[in-house]
Peer 1: 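Input: one structure, supplied below.
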Amino acid sequence: SKNKVPYHVILAAKQGDPDAMNQILSHYSGYINHFSRRRYYDQYGNALEVIDEEICQHIETALMMQIIYKFDCESLPEGEMLDEDDSSGK
């Protein structure tokens, strides 16, 4: 599927490849930013939505920790198959 991070990129990130990890963080940046938004009121009482960088960093760190420590590269979720492109290791 076009909206999934390729399996080989996740494996590379798990093995410590910073470019692969950045590719994953970039892939999920819209999602991370969405859940990092906070409502802020200016001095005139106008509501503004801003991205809370601390929350953003917390979510990014949680995602990285899940990839490094929890991702099981030996098993795929039920019903999932490797794409032909993913099995080549490129």
Peer 1: Please report the shortest heavy-atom distance between Tyr7 and Glu74, naming the atom on each side.
Peer 2: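 Distance-wise, the nearest heavy atoms are OH-N, 4.5 Å.
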Peer 1: Can you measure from CG (Leu25) to SG (Cys56) and round to the nearest 0.5 angstrom?
Peer 2: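 If we round to the nearest 0.5 Å, Leu25:CG and Cys56:SG are 9.0 Å apart.
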Peer 1: Would you confirm whether Thr61, through its side chain, and Gln57, through its main-chain N or O, come within 3.5 Å as a donor-acceptor pair?
Peer 2: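 The answer is yes, because a donor-acceptor pair under 3.5 Å joins these two groups.
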Peer 1: From Ile24 CD1 over to Glu60 CD, what is the distance, rounded to the nearest 0.5 angstrom?
Peer 2: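 Answer for the CD1-CD pair, Ile24 versus Glu60, is 12.0 Å.
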Peer 1: Looking only at non-hydrogen atoms, find the nearest pair between Met21 and Met64 and report the distance.
Peer 2: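 Residues Met21 and Met64, closest heavy atoms: SD-CG, 3.5 Å.
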Peer 1: Under a 4.5 Å cut-off applied to non-hydrogen side-chain atoms, are Gln23 and Asp17 in contact?
Peer 2: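 No - every pair of side-chain heavy atoms lies 4.5 Å or more apart.
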Peer 1: Do Ile55 and Tyr41 land in one hydrophobic cluster if side-chain heavy atoms of ILVMFWY residues count as linked below 4.5 Å?
Peer 2: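 Cluster IDs for Ile55 and Tyr41 differ.
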Peer 1: Any link between Ile59 and Tyr28 through a network of hydrophobic side chains (Ile, Leu, Val, Met, Phe, Trp, Tyr) touching at under 4.5 Å?
Peer 2: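 Yes.
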Peer 1: Other than Val50, what residues sit in its cluster of Ile, Leu, Val, Met, Phe, Trp and Tyr side chains whose heavy atoms are under 4.5 Å apart, directly or through others?
Peer 2: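 So far as hydrophobic clustering goes, Val50 is joined with Tyr40, Leu48.
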Peer 1: How long is the span from the CD atom in Glu53 to the NE2 atom in His58, to the nearest 0.5 Å?
Peer 2: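 If we round to the nearest 0.5 Å, Glu53:CD and His58:NE2 are 14.5 Å apart.
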Peer 1: Within this structure, what is the CD1-CZ distance for the pair Ile51 and Arg37, rounded to the nearest 0.5 Å?
Peer 2: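 Nearest 0.5 Å value for the CD1-CZ distance: 8.0 Å.
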Peer 1: Measure across Ala20 and Ala12 and return the closest heavy-atom pair with its distance rounded to 0.1 Å.
Peer 2: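 Nearest heavy atoms, Ala20 then Ala12: CB-CB, 3.7 Å.
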Peer 1: Considering only NZ, NE, NH1 and NH2 on the basic side and carboxylate oxygens on the acidic side, decide whether Arg38 and Glu49 come within less than 4.0 Å.
Peer 2: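 No, no charged N to carboxylate O under 4.0 Å.
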Peer 1: Is it the case that one hydrophobic cluster holds both Phe71 and Ile32, taking links as side-chain heavy atoms less than 4.5 Å apart, direct or via other members?
Peer 2: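 Per the 4.5 Å side-chain linkage, Phe71 and Ile32 are co-clustered.
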Peer 1: Look up atom CG in Asn33 and atom CG in Asp52, then write down how far apart they are to the nearest 0.5 Å.
Peer 2: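 Spacing of CG (Asn33) from CG (Asp52) equals 11.0 Å.
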